[in-house]
Amino acid sequence: MADVEQTLTTWLRATFAVHASVDLPPELEKRLPWVQVVRVGGPDARFSRHPRVDLDVYAESPDASADLLSRIHDRLLFLSGTVTGAVIRRVTSVSGPSQRPYVNPDVYRRGAAYTVSLRAE
């Protein structure tokens, strides 16, 4: 089966030339911007998956995080077809872009949630 986290992190790196991963690195504030992609649920069927994914953007300013998430959001909602070993059928927004708290005052975080319907290529 296709791994939604791997598929999206690879797509984000290639499309937006940003760091993207499931886990955040140590000293995140020195490696911005960073996009974190984490599957947080969603059903799996025999031949396809419909995972819910949280996507968080970490940047050096509120404007930078909002701008990057807005660009990702706009492209992600139209993402379909073969992407990094998966076939994406549809992406829907579960929760649109919004500010999310973060403990480091030098890092600004914005996030959104999506359902990604996909299957293996």
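The side chain to side chain contact (heavy atoms under 4.5 Å, CB included) with Gln36 is formed by just one residue from the set Leu12, Val22, Leu24; it is Leu24. For the side chain to side chain contact (heavy atoms under 4.5 Å, CB included) with Thr115, the lone residue among Val4, Thr92, Val53 that qualifies is Thr92.
Judged as a salt bridge (Lys or Arg N to Asp or Glu O under 4.0 Å), and not counting sequence neighbours, Arg90 has no contacts. Under the rule for a side chain to side chain contact (heavy atoms under 4.5 Å, CB included), Ala14 has no partner lying at least two apart in sequence or in another chain. The ring pair (Phe, Tyr, Trp, His ring centres under 6.0 Å) check on His19 picks up Trp34, with sequence neighbours excluded. Here Arg31 pairs with nothing under the side chain to side chain donor-acceptor pair (under 3.5 Å) rule; sequence neighbours left out. For Glu29, the side chain to side chain donor-acceptor pair (under 3.5 Å) partners at least two apart in sequence or on another chain are Asn104.
Looking at Arg109, its side chain does come within 3.5 Å of a backbone N or O of Pro101 through a donor-acceptor pair.
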Could you go through Val38 and Glu5, starting from their C-alpha distance and side-chain angles, then the distance that decides it, and tell me whether this counts as side-chain contact (heavy atoms from CB on, under 4.5 Å)? CA-CA 6 Å; Val38 178; Glu5 293 167 333; 4.1 Å; yes

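In this structure the side chain of Pro51 reaches within 4.5 angstrom of the side chain of Leu118, judged on heavy atoms.
For Gln99, the CD atom sits in a loose shell: 12 or fewer heavy atoms of surrounding residues, nucleotides or ligands are nearer than 6.0 Å.
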Donor-acceptor contacts under 3.5 Å from residues 68-83 side chains, at least two apart:
{"from": "Arg71", "atom 1": "NE", "to": "Asp67", "atom 2": "OD2", "distance (Å)": "3.4"}
{"from": "His73", "atom 1": "ND1", "to": "Tyr114", "atom 2": "OH", "distance (Å)": "2.6"}

